[in-house]
Amino acid sequence: MSAELLARLSKPWAAPVAGPLVGDADMLPDGQTAAEARLARRAAAVLVPLIVHPGDVTVLLTRRTRALKRHSGQVAFPGGRVDPEDPDVVTAALREAEEEVGLPRDRSRLLGRLAPYNTATGFSVTPVVATVRAPFVPIPDPAEVAAVFEVPLAFVMDRANHQWRTRTWRGRERGFYAIPYGEHLIWGATAAMLVNLVHVLSTPGGSGAVVETSTGPAAAPVPRS
């Protein structure tokens, strides 16, 4: 872990920051994104917990239970819909993390937010990035979380570990990022949000200001198969 990266993880961001991927529509072949861009979006938030160990930083992730109606069995950040009682997306992310993995809200030191990521299922998801001092022993909610695990941030930061894959979904070919780690496959929106985080953390000055994008992703072209 470089000294520069550790310094970025110790200083709160000045504003929400945009990465190269705006949403799942970026993964469609050119010219097929307009309909998805017009979807009515429901607000959601996830917490991206960066666990600070002596000499190392990891990303905490969960594997959802098979019983859930949406994204069952998939790897995800702790998070969910923004409830009417939540004053903002940060509160929603902290609440969901407390409910899903037992992370007390006061254990998270907020760094900032990534720009919202729009999913094909109609959510606008705001990733809230925070550091958490180790040790942290998760207490997963068995109704939602089948497993909790950590991935070294250095592994995530290595773009050689970012795979580009394609599949047919609802009659359309879609591309998506995947980051395999041991027995776990991080893919879809979660992997895309990690790609955005890597872009922000590896761009000089990237965590200090909003990155303007006028027509969508420009900093890192999406691979095409």
Side-chain angles (χ1 to χ4, degrees), residues 1 6 9-10 12-13 42-114 116-117 119 121 123-157 161 178-194 196-198 201:
M1 192 68 60
L6 287 173
L9 297 180
S10 65
W13 303 349
R42 290 163 287 179
V46 296
L47 189 69
V48 183
L50 303 179
I51 312 299
V52 182
H53 300 271
D56 193 18
V57 178
T58 61
V59 183
L60 184 141
L61 291 159
T62 72
R63 182 163 51 80
R64 295 164 63 84
T65 66
R66 296 286 181 184
L68 293 173
K69 292 182 179 180
R70 291 183 179 273
H71 310 294
S72 62
Q74 293 184 13
V75 171
F77 297 113
R81 295 186 185 185
V82 177
D83 288 346
E85 297 79 14
D86 295 321
D88 51 41
V89 292
V90 172
T91 302
L94 293 174
R95 173 183 56 75
E96 288 282 351
E98 189 170 49
E99 294 172 357
E100 290 186 18
V101 299
L103 177 60
R105 304 182 196 196
D106 59 3
R107 285 290 306 275
S108 296
R109 180 181 180 276
L110 297 179
L111 285 179
R113 291 172 287 155
L114 297 177
Y117 182 90
T119 71
T121 51
F123 286 92
S124 178
V125 184
T126 299
V128 177
V129 185
T131 57
V132 179
R133 283 285 173 187
F136 164 62
V137 180
I139 305 174
D141 176 359
E144 296 190 55
V145 179
V148 180
F149 64 100
E150 297 178 30
V151 181
L153 181 58
F155 181 90
V156 174
M157 294 289 294
N161 296 320
I179 306 174
Y181 180 73
E183 63 180 307
H184 303 287
L185 178 62
I186 309 163
W187 68 284
T190 301
M193 286 184 270
L194 284 173
N196 280 345
L197 177 65
V198 169
L201 293 179

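Enclosure of atom CZ in Arg113 is not indicated, since only 12 or fewer non-hydrogen atoms of other residues, nucleotides or ligands lie within 6.0 angstrom. Surrounding CZ of Arg133 are at most 12 heavy atoms belonging to other residues, nucleotides or ligands under 6.0 Å away.
Between Pro104 and Glu98, the shortest heavy-atom distance links the atoms CA-OE2, 3.8 Å. Between Arg109 and Ser10, the shortest heavy-atom distance links the atoms NH2-O, 2.7 Å. What you find for Ala44 and Phe123 is that their closest heavy atoms are CB-CD2, 4.0 Å.
Taking the charged nitrogens against the carboxylate oxygens, Arg81 and Asp86 have no contact shorter than 4.0 Å, which rules out a salt bridge.
Note on ring orientation: taking the six-membered ring where Trp is involved, the planes of Phe155 and Tyr181 are perpendicular (angle over 60°, cut-offs 30° and 60°).
Put simply, the side chain of Leu60 reaches to within 4.5 Å of the side chain of Val148, judged on heavy atoms. Between Leu61 and Thr190, the closest side-chain pair of non-hydrogen atoms falls below 4.5 Å. Taking 4.5 Å as the limit, some side-chain heavy atom of Arg95 sits within range of a side-chain heavy atom of Asp83. The shortest side-chain heavy-atom distance between Leu194 and Phe77 falls under the 4.5 Å cut-off. Using a 4.5 Å cut-off on side-chain heavy atoms (C-beta onward), Val132 and Leu50 make no contact.
Looking at Asp106, Leu103, Leu110, Val89 one by one, the single match for side-chain contact (heavy atoms from CB on, under 4.5 Å) with Leu94 turns out to be Leu110.
Judged by distance alone, with hydrogens and angles left aside, the side-chain atoms of Thr62 form a donor-acceptor pair with the main-chain N or O of Ala76 at under 3.5 Å.
For the atom pair Glu100 CD and Leu47 CG, the distance stands at 10.0 Å (nearest 0.5 Å). Between atom CD1 of residue Ile186 and atom CZ of residue Arg63 there is a gap of 12.5 Å, rounded to the nearest 0.5 Å.
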